[in-house]
Every structure is written in C-alpha cells, then in structure tokens.
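Here is the structure we will look at, set down as structure tokens.
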Amino acid sequence: MNLQSFSVKQDIVFGIGAVKSLPEKVRQAGGTKVLLVTDPGLIPAGITGAVEEILKEAGVDYCVFSHIEPDPGCWIVHECRDKMTEEKCDLIIALGGGSAMDTAKSAAIIGYSGNRIHDYWGYYKPVENDTIPVIAVPTTAGTGSEVTRNTVITDENHYKMVILNDKMLPQTALLDPEMIMTCPEPVAAASGLDALIHAVECYLSDLATPFSDAVAEKAMELIGPALPRFTANRKDVEAAGDMLMGSTLAGIALSLCLPNQAHALSHPLTGYYGIPHGMANAMLFPTTMNFNAIADRGKYKKIYNLLRTGHPYVEDFETDMLIDYLKKLNSRLGLPRNLSEMGVDESHMEEMLADAQKTKIWEHCPRSTSVKQMEMLYKEAMYRD
C-alpha cells in the first residue's frame, strides 16, 4: 500500500441565493477592486448583469473581462492578465463554465509577475510570485474547475497545456443552482457527462484513496439520476442542485487524483478539431471503459449501481452491462454515436498521439496503455456503432 495524503482547502457555499454572498466574500478576501471574468454568453442571458447588480449595490469596485473562448488559448489568458494589471485589480471573480474559470485561474497565478502562462506548465512547479485570489461562481455543472487546482490552456501549436498547482485553487466557490438554469441543453448534457467522467475515472485511478472514493461515489450517486432530468429540464431545481453539488464533488475527486484514458485522449481532439472538452470525453468514455474492464476489481458493479440509484443489480453482473449503459446514456442525451459523426478522421492521428503521450495520466490508469493501443482507442471511438 502506498502512502496517501489528501486535503480540501476551500470555503464552499451551496444553495439557492449563494451568489448573493459575493460582496461578503470579496471583503473577507481583502479585495479592493475586482475583475469579473465572465463567459460572453452570460451577458445576453442576464446572468452577468445580475452579478454586477449584486456588486454595485454593495459598493464593490469592479470591471469586466468577457473575451472568453471555448477551451481558452494562452493569448486569451494573457489578454485577461493585461486587463487585470491595467485596472489594478487585486481579486478575480470567475463567472461561467470551465473556460471562464480556467482563464481566470491562469491569469491569477501569473498575477503581476509579467510571466507567461507557459512558465507554469507542468505539475506543481514552484510559484515565486504573488498570486491573485479567485472566487468561483460556476454556471455549468460539469468541469468542477471551481474546486480544482488545475487548468488546461491551449498553446500556439494546438497543444493542451495541463497546469496542476495548489496556487490555482480558487479561495471560495459559490454554488448557486439558479446560476446553471439558463444552460443550453447540449451544454448541460456534455458538461454533465464531463462531471460524471471525472468521478468515475478518479474512482478507478490508482491514486484513489478511501477519501476520494467516498467523494466520487457520492458524486456518481447524485449525477446518475439527475443528469437526464436536468438535461430535459434545466428549471428542475432539485436536479440542478444535485448536478451542481455532484459536479463539485467530482471536481474535488479530480483535485485529489488523476483521470484515465478518456481525458488523456480528449485534449488533442479539442486542440485539433475544436470539440468541446466534455463532448470529447463523452465520445471516448464507453470505449476507454471497455478497454479498462479487464482490470476491474469490483468497482464497475459499484459504478453501475450508483448511476442507477434505486435499481440495484446484485446477481450475475458483467462489465458489459456498464458499457452498454454508458452507450445508451449518450444516446438518451442526444449525443452523436461516435467521433466520425463530429468530423474526426485519422488525418491528425500522429500529432494527436504525440500530444496525448505528454501527460502523466498514463502512469495511473487502471490498465497499462501502449501507443498502439492509444491509436486503437481513437479508431474505435471514431467508428463505433
């Protein structure tokens, strides 16, 4: 048995109206001027304006940065950093999905150092400069970025830089179910599956501990029944709450472990084909779970029953039952059958395999994976019926 260590270092507020505590959290963090980093789509939806009203009524000085792109590039991070320094902001509010939060967290770790985000690429590099505190307000239930110590930023060569550092952990996360109720159906489905995959892959990781297992199990128990309901009706308050808490718990598990093959292979798909991260994961997940099945030590049955809360299956369980369930879940949520339906072909295979190999994820997957097997997984996910 390996030595194990884990910690959770955040202030988390959950419930309807949680976002109204923003001014109090700004004051507690010592913020004098706030940079509100927000997804542009939240402006016409009225979400950004509602948060601005909360800040205005409390007399909080702030400015807005909304030039956020899906799966943000390093140039967007640097633009955000420049806005922060020009406006002399000393606190960031990250309002949005994973792209907004990753942009905000990346600008925050750079701070006023004048560095590039490239200087922080890697796992737990020492950070000598002062960083900027972040308050995260998620508007999707999926990435868990509000409670993770990592970001994924695309460089100039389409490579997805994974940065894992304690300095990236938001100081506070405000989980308000009302903030995710304007989420479009496709985003709800893909981001919700991303959260589910975080929980499952961390549960299967060889870095898992009894604590991370407990967190991942609760995340699966919440997300499994809630995901179809929330996708069908984002105004379902109970489903929204379960998805938001489930996503955050899955994010905590992700912050304690590393995910598996689906995540390692999904990043190049985003870099070369622009497929949203959650959707790329969802397309790969049934294939990678089938690949890992021969390494199962009994957790596949637990996953199957957690996702189907209220319908436990005890007799004669086979791992194929879970794989079939995941395929049917994708179909029920209206997702494509495979990657080829999303325009993915083998033209970038060599580059994608090279990029996929650069992550430490491969060291902790349930089943050892050769480069030839990585290629096989890509092709199976492309052409799966």
Mind running salt bridge (Lys or Arg N to Asp or Glu O under 4.0 Å) on E79 and K83 for me, showing each step along the way? CA-CA 6 Å; E79 188 178 329; K83 177 76 171 182; over 6 Å; no
Does [X] [atom1] have over 12 foreign heavy atoms under 6.0 Å away?
{"X": "K20", "atom1": "NZ", "value": "no"}
{"X": "K358", "atom1": "NZ", "value": "yes"}
{"X": "E156", "atom1": "CD", "value": "yes"}
{"X": "K299", "atom1": "NZ", "value": "yes"}
{"X": "E128", "atom1": "CD", "value": "no"}
{"X": "K56", "atom1": "NZ", "value": "yes"}

Measure the shortest side-chain to side-chain distance between [X] and [Y] over non-hydrogen atoms and say whether it is less than 4.5 angstrom.
{"X": "M243", "Y": "L227", "result": "yes"}
{"X": "F291", "Y": "C365", "result": "no"}
{"X": "L258", "Y": "T359", "result": "no"}
{"X": "L284", "Y": "L339", "result": "yes"}
{"X": "V200", "Y": "M289", "result": "yes"}
{"X": "L335", "Y": "L193", "result": "yes"}
{"X": "M84", "Y": "F65", "result": "no"}
{"X": "L269", "Y": "M283", "result": "no"}

Can you say whether the rings of [X] and [Y] are parallel (under 30°), tilted (30 to 60°) or perpendicular (over 60°)?
{"X": "H158", "Y": "Y272", "answer": "tilted"}
{"X": "Y159", "Y": "W121", "answer": "perpendicular"}
{"X": "H348", "Y": "Y273", "answer": "perpendicular"}

When rounded to the nearest 0.5 angstrom, what distance separates [atom1] in [X] from [atom2] in [Y]?
{"X": "M382", "Y": "E341", "atom1": "CE", "atom2": "CD", "value": "13.5 Å"}
{"X": "L307", "Y": "L222", "atom1": "CG", "atom2": "CG", "value": "11.5 Å"}
{"X": "Y378", "Y": "T287", "atom1": "OH", "atom2": "OG1", "value": "12.0 Å"}
{"X": "S340", "Y": "K379", "atom1": "OG", "atom2": "NZ", "value": "13.5 Å"}
{"X": "M376", "Y": "S370", "atom1": "CE", "atom2": "OG", "value": "8.0 Å"}
{"X": "M161", "Y": "D355", "atom1": "CE", "atom2": "CG", "value": "12.0 Å"}

Using modelled atom types only, decide if a donor and an acceptor are shared between the side chain of W362 and the backbone of A356 within a distance under 3.5 Å.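 Yes, W362 side chain to A356 backbone: donor-acceptor pair under 3.5 Å.
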Judged by atom type as modelled, is there a donor-acceptor pair below 3.5 Å linking the side chain of K167 to the main-chain atoms of N129?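 No.
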Which is it for E217 and L306 under the side chain to side chain contact (heavy atoms under 4.5 Å, CB included) test, yes or no, and what are the steps along the way? CA-CA 7 Å; E217 285 177 2; L306 284 166; 3.8 Å; yes
Would you say L244 and L174 are hydrophobically clustered, going by side-chain heavy atoms of ILVMFWY under 4.5 Å?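 No; tracing contacts between hydrophobic side chains, which count when under 4.5 Å, never links both residues.
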Just by distance, no angles: are the side chains of [X] and [Y] close enough, under 3.5 Å, to form a donor-acceptor pair?
{"X": "T270", "Y": "K160", "answer": "no"}
{"X": "T154", "Y": "D71", "answer": "no"}
{"X": "D194", "Y": "H198", "answer": "yes"}

Show your reasoning for whether side chain to side chain contact (heavy atoms under 4.5 Å, CB included) applies to E201 and I361. CA-CA 11 Å; E201 291 201 321; I361 287 174; over 6 Å; no
Using the rule given for side chain to side chain contact (heavy atoms under 4.5 Å, CB included), can you reason through V137 versus D176, listing the C-alpha separation, both sets of side-chain angles and the distance that settles it, and then say yes or no? CA-CA 8 Å; V137 184; D176 191 328; 5.6 Å; no
Test D130 against Y112 for side chain to side chain contact (heavy atoms under 4.5 Å, CB included), laying out the working first. CA-CA 7 Å; D130 292 332; Y112 283 76; over 6 Å; no
